[in-house]
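Structure first, commentary second.
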Amino acid sequence: MTLTATDRISPEARALGEFLRAHREHTPPERVGLPTTSRRRTPGLRREEVATVAGVGVAWYTWLEQGRVSASRQVLASIGRALQLSDGAFDYLLSLGGYATPATPPRTEADAAALAFIVEDWQHGPAFAVDGWFDLLAWNRAFTGLWGDPLGLPVDERNLVLLLADPRRSEALLGAERLDVLRRHLGHFRSQTAVHQGHPRLRRLYATLHEVAPDLADWWVCQSMDVLTDHDVTYRVGGDSATAWQSALRLGGGELVVLQRGRTPRDRALLTGRATGGPRDVVPYRDRIRTAPQLVEAS
C-alpha cells in the first residue's frame, strides 16, 4: 500500500474523506449499537468505532478520511453500511470512490411529453415534474396559481429548491412549515446532484442558495441525503389554509413527478380555485440578487 503525499491528494479523494468525516460526526453511537457515555466529547462516532464496525484497520480508515489511500468497492460498501447511509448517500459514496452507477439514457422528447401529460391533467391540486437537478420540467395551473408561472423566470432559475429556499415566496405560502418542506426536498436534491460534485452548474446553484437564504448557510454545506417520502403540505391560500398529500413518482432518468391532492373537497377547491385567477407576479432571481464572482461559470 502506498500513501499519497498530502500535497498530491486528488479532489475526488479529498471529497471522499470530507464526506466520510461529515457522516461519521453526525452518526450517534446508539444508531450502530454502541453505548453512549457521559465521557464522550462529541455526539458522533470516533474513527476507531467506524473502523471496528466496518471491519477495517483504524490507521487505514484514518488515511482514507485524509484522502491518502484508495478503497475497493467492497470496503467502501462495508463502511457505508457501518455508517447506515441512506440509498442516495450510499450511491454517492461509491461514486466518490470511482464506482459510480452507470448513467441512465438521456430523456427523449416522448418522455418529456408523457411527463407533461401526467402533470398538466392533474385536477386535484398542484402538480409538477423536476429533473435530476430539480429543474422544473412541467407544472399544472394549480401550481402556477400558487407559486407563479415559472416561465417568468430565466431557464436556469426554474428550480424547485430555489423556489422553496426563497423566503419571499415560501414563507407566504408555507408559513411555519417552510423549513420542513425545504428539508425534505433538499435531502433528495443532494442525493440527485451528488454525482455532479464540482460541476459549474452545481456551484452556481449553491452560490445562489447562499444569496437567497444566507441564514441557512449550514444547510448548503451539509452532506446529509435522503429519499423524498410522501408527506402532507399545508398552504396558506388567501386568508385560509389547505392541506395536500404529496406523492412523488420516481422515474428511471432521475426525474420526479410530484402530485399533490387536497385532503378534503374543501382543500381541493382552495388549491385549484386559484388556478382560474391567472398567474401571480414572478420576480426573476437575477433582478434581486446581487451578482457575485462565484456565480460566474469557471472555465
Side-chain angles (χ1 to χ4, degrees), residues 1-4 6 9-36 40 42-104 132-134 161 183-199 202 206 218-230 248 250-254 256:
M1 178 182 61
T2 303
L3 288 179
T4 302
T6 55
I9 296 174
S10 69
E12 293 78 12
R14 196 178 302 279
L16 173 61
E18 291 173 353
F19 178 84
L20 290 173
R21 183 168 58 255
H23 280 273
R24 173 176 61 79
E25 292 175 348
H26 287 85
T27 301
E30 58 270 20
R31 184 183 298 174
V32 298
L34 296 174
T36 301
R40 182 177 291 272
T42 59
L45 297 174
R46 303 184 182 97
R47 289 190 180 93
E48 56 266 29
E49 291 171 332
V50 175
T52 298
V53 176
V56 300
V58 177
W60 182 89
Y61 178 79
T62 300
W63 293 329
L64 184 65
E65 277 199 5
Q66 294 172 348
R68 302 183 65 190
V69 294
S70 59
S72 68
R73 190 184 194 283
Q74 181 179 2
V75 170
L76 284 180
S78 295
I79 295 172
R81 288 192 292 270
L83 293 172
Q84 298 190 12
L85 300 179
S86 65
D87 291 344
F90 189 87
D91 290 343
Y92 181 44
L93 172 65
L94 295 181
S95 70
L96 287 175
Y99 309 103
T101 303
T104 55
W133 292 91
F134 267 46
V161 174
R183 177 186 56 79
R184 289 175 178 274
H185 291 81
L186 186 59
H188 196 96
F189 169 78
R190 291 193 194 103
S191 68
Q192 289 280 92
T193 58
V195 295
H196 303 300
Q197 196 71 29
H199 193 285
L202 190 58
Y206 276 113
D218 289 347
W219 290 31
W220 313 138
V221 297
C222 177
Q223 299 201 47
S224 64
M225 302 178 191
D226 208 349
V227 175
L228 182 63
T229 57
D230 296 352
R250 300 167 188 83
L251 306 184
L256 288 176

Donor-acceptor contact present, side-chain Arg68 to main-chain Trp63, <3.5 Å: no
Set out, in order, the CA-CA distance, both residues' side-chain angles and the distance that settles side-chain contact (heavy atoms from CB on, under 4.5 Å) for Leu45 and Leu34, then state yes or no. CA-CA 9 Å; Leu45 297 174; Leu34 296 174; 4.0 Å; yes
OG1/Thr193 to NE2/His199 distance, rounded to the nearest 0.5 angstrom? 11.5 Å
Glu30 CD: over 12 foreign heavy atoms closer than 6.0 Å: yes
If we check side chain to side chain contact (heavy atoms under 4.5 Å, CB included) with Leu186, which of these qualifies: Arg183, Arg184, Arg190? Arg190
Is any side-chain heavy atom of Phe134 less than 4.5 Å from a side-chain heavy atom of His188? yes
Roughly how far, to the nearest 0.5 Å, is CG of Asp91 from OH of Tyr99? 15.0 Å
Note: Val53 and Ala82 closest approach over all heavy atoms is CG1-CB, 3.6 Å
Shortest non-hydrogen contact from Ala248 toward Leu256: CB-CD2, 4.4 Å
Do you know which two heavy atoms are closest between Gly67 and Ala13, and how far apart they sit? O-CB, 3.6 Å
Atom pair CG/CZ of Leu83 and Arg81 - distance to nearest 0.5 Å: 11.5 Å
Heavy atoms of Pro29 and Gly44 approach each other most closely as CG-O, 4.1 Å
Which atom names give the shortest non-hydrogen contact between Arg24 and Glu65, and what distance separates them? NE-OE2, 2.7 Å
Would you say that Tyr61 contacts Leu20 through its side chain, given a criterion of any heavy-atom pair below 4.5 Å between the two side chains? yes
Measuring from atom NE2 of His23 to atom CG of Leu93, what distance do you get when rounded to the nearest 0.5 angstrom? 8.5 Å
Test your reading of the model: is there a side-chain donor-acceptor pair from Gln84 to the backbone of Arg31, 3.5 Å cut-off? yes
Output for pair (Leu76 CG, Leu96 CG), nearest 0.5 Å, gives 9.0 Å
Report the distance from atom CG of Leu94 to atom OH of Tyr92, rounding to the nearest 0.5 Å. 12.0 Å
pair Val161-Trp133: side-chain heavy atoms closer than 4.5 Å: no
Which heavy-atom pair separates Ala71 from Trp60 by the least distance, and what is that distance? CB-CH2, 3.6 Å
